[in-house]
Asks: 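First the structure, then my questions, so here it is.
All figures in this text were calculated on a predicted structure; none of them were measured in a lab.
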Amino acid sequence: MEKIKKISVEEYCIHYSIETSFVQQLDEHGLINLIYSDKKAFISYEELPDIEKYMRLYYDLEINMAGIDTIRHLLNRMQSLQQEMKRLQGELGRE
């Protein structure tokens, strides 16, 4: 069984000088998935790049959680459409 690399929410927040409530809100809004063990919350290393993007949106651009969720949805949709476009171009032999 593969061991998941993770960091505690507390350590992460101390390192980046942010409130733990921010990370908890991300989890509550379904933007990330925290791992709970022994009543302690952890962040998977796979989630770290997304959290850093969300931190910039929240702290630097002052975008609220609903706005972050909307931006995430639109970026995912755009990526999906780009992949579909590449697939269709490949079918047409324009690659």
Asks: Could you measure the distance from the NZ atom of Lys6 to the NZ atom of Lys40? Nearest 0.5 Å is fine.
Replies: 10.0 Å
Asks: Hey, are the side chains of Tyr54 and Glu47 touching, using non-hydrogen atoms and a 4.5 Å cut-off?
Replies: no
Asks: Mind jotting down which residue pairs meet the salt bridge (Lys or Arg N to Asp or Glu O under 4.0 Å) criterion with at least one end in residues 70-82? Sequence neighbours excluded, please.
Replies: Asp69-Arg72
Asks: As an exercise, state the distance from CD1 of Ile51 to CG of Leu34, rounded to the nearest 0.5 Å.
Replies: 7.0 Å
Asks: Do Tyr12 and Phe42 have side chains that approach each other closer than 4.5 Å (heavy atoms only, starting at C-beta)?
Replies: no
Asks: Is Ile14 reachable from Tyr16 through a run of I, L, V, M, F, W or Y residues, each pair having side-chain heavy atoms under 4.5 Å apart?
Replies: no
Asks: Can you tell me how far CZ of Arg87 sits from CE of Met85, rounded to the nearest 0.5 angstrom?
Replies: 12.5 Å
Asks: What residue pairs, at least two apart or across chains, pass salt bridge (Lys or Arg N to Asp or Glu O under 4.0 Å) with a residue in residues 51-68?
Replies: Asp50-Lys53
Asks: Side-chain heavy atoms under 4.5 angstrom apart, residues restricted to Ile, Leu, Val, Met, Phe, Trp, Tyr: same cluster for Phe22 and Tyr36?
Replies: yes
Asks: At what distance, to the nearest 0.5 angstrom, does CD1 of Ile71 lie from CG of Asn76?
Replies: 12.0 Å
Asks: Donor-acceptor pair, distance only, cut-off 3.5 Å: does the side chain of Thr70 make one with the backbone of Ala66?
Replies: yes
Asks: Before you tell me yes or no, could you show the steps for Glu11 and Ser8 under side-chain hydrogen bond (donor to acceptor under 3.5 Å, both in side chains), namely the whole-Å CA-CA distance, both residues' side-chain angles and the distance that decides it to 0.1 Å?
Replies: CA-CA 5 Å; Glu11 286 179 59; Ser8 76; 3.3 Å; yes
Asks: Within the 4.5 Å heavy-atom criterion, are Cys13 and Val23 side-chain neighbours or not?
Replies: yes
Asks: Could you go through Leu88 and Leu92, starting from their C-alpha distance and side-chain angles, then the distance that decides it, and tell me whether this counts as side-chain contact (heavy atoms from CB on, under 4.5 Å)?
Replies: CA-CA 6 Å; Leu88 292 171; Leu92 293 172; 5.5 Å; no
Asks: When you look at Ile43 and Ile35, which way does the side-chain contact (heavy atoms from CB on, under 4.5 Å) test go after all the steps?
Replies: CA-CA 6 Å; Ile43 304 167; Ile35 302 164; over 6 Å; no
Asks: Any chance you could measure Ser44, atom OG, to Ile7, atom CD1, to the nearest 0.5 Å?
Replies: 11.5 Å
Asks: Scan for salt bridge (Lys or Arg N to Asp or Glu O under 4.0 Å) pairs involving residues 15-36, sequence neighbours excluded, and state none if there are none.
Replies: none
Asks: With side-chain contact (heavy atoms from CB on, under 4.5 Å) as the criterion, how do Ile63 and Tyr58 come out once you've worked through the C-alpha distance, each side chain's angles and the decisive distance to 0.1 Å?
Replies: CA-CA 5 Å; Ile63 296 173; Tyr58 187 80; over 6 Å; no
Asks: According to a hydrophobic-cluster definition based on side-chain heavy atoms being under 4.5 Å apart (Ile, Leu, Val, Met, Phe, Trp, Tyr only), do Ile18 and Leu61 belong together?
Replies: yes
Asks: List the steps, then state whether side-chain contact (heavy atoms from CB on, under 4.5 Å) holds for Leu31 with Met65.
Replies: CA-CA 9 Å; Leu31 296 165; Met65 287 295 155; 4.1 Å; yes
Asks: Going from CD on Gln25 to CD1 on Ile68, what distance comes out if it is rounded to the nearest 0.5 angstrom?
Replies: 9.0 Å
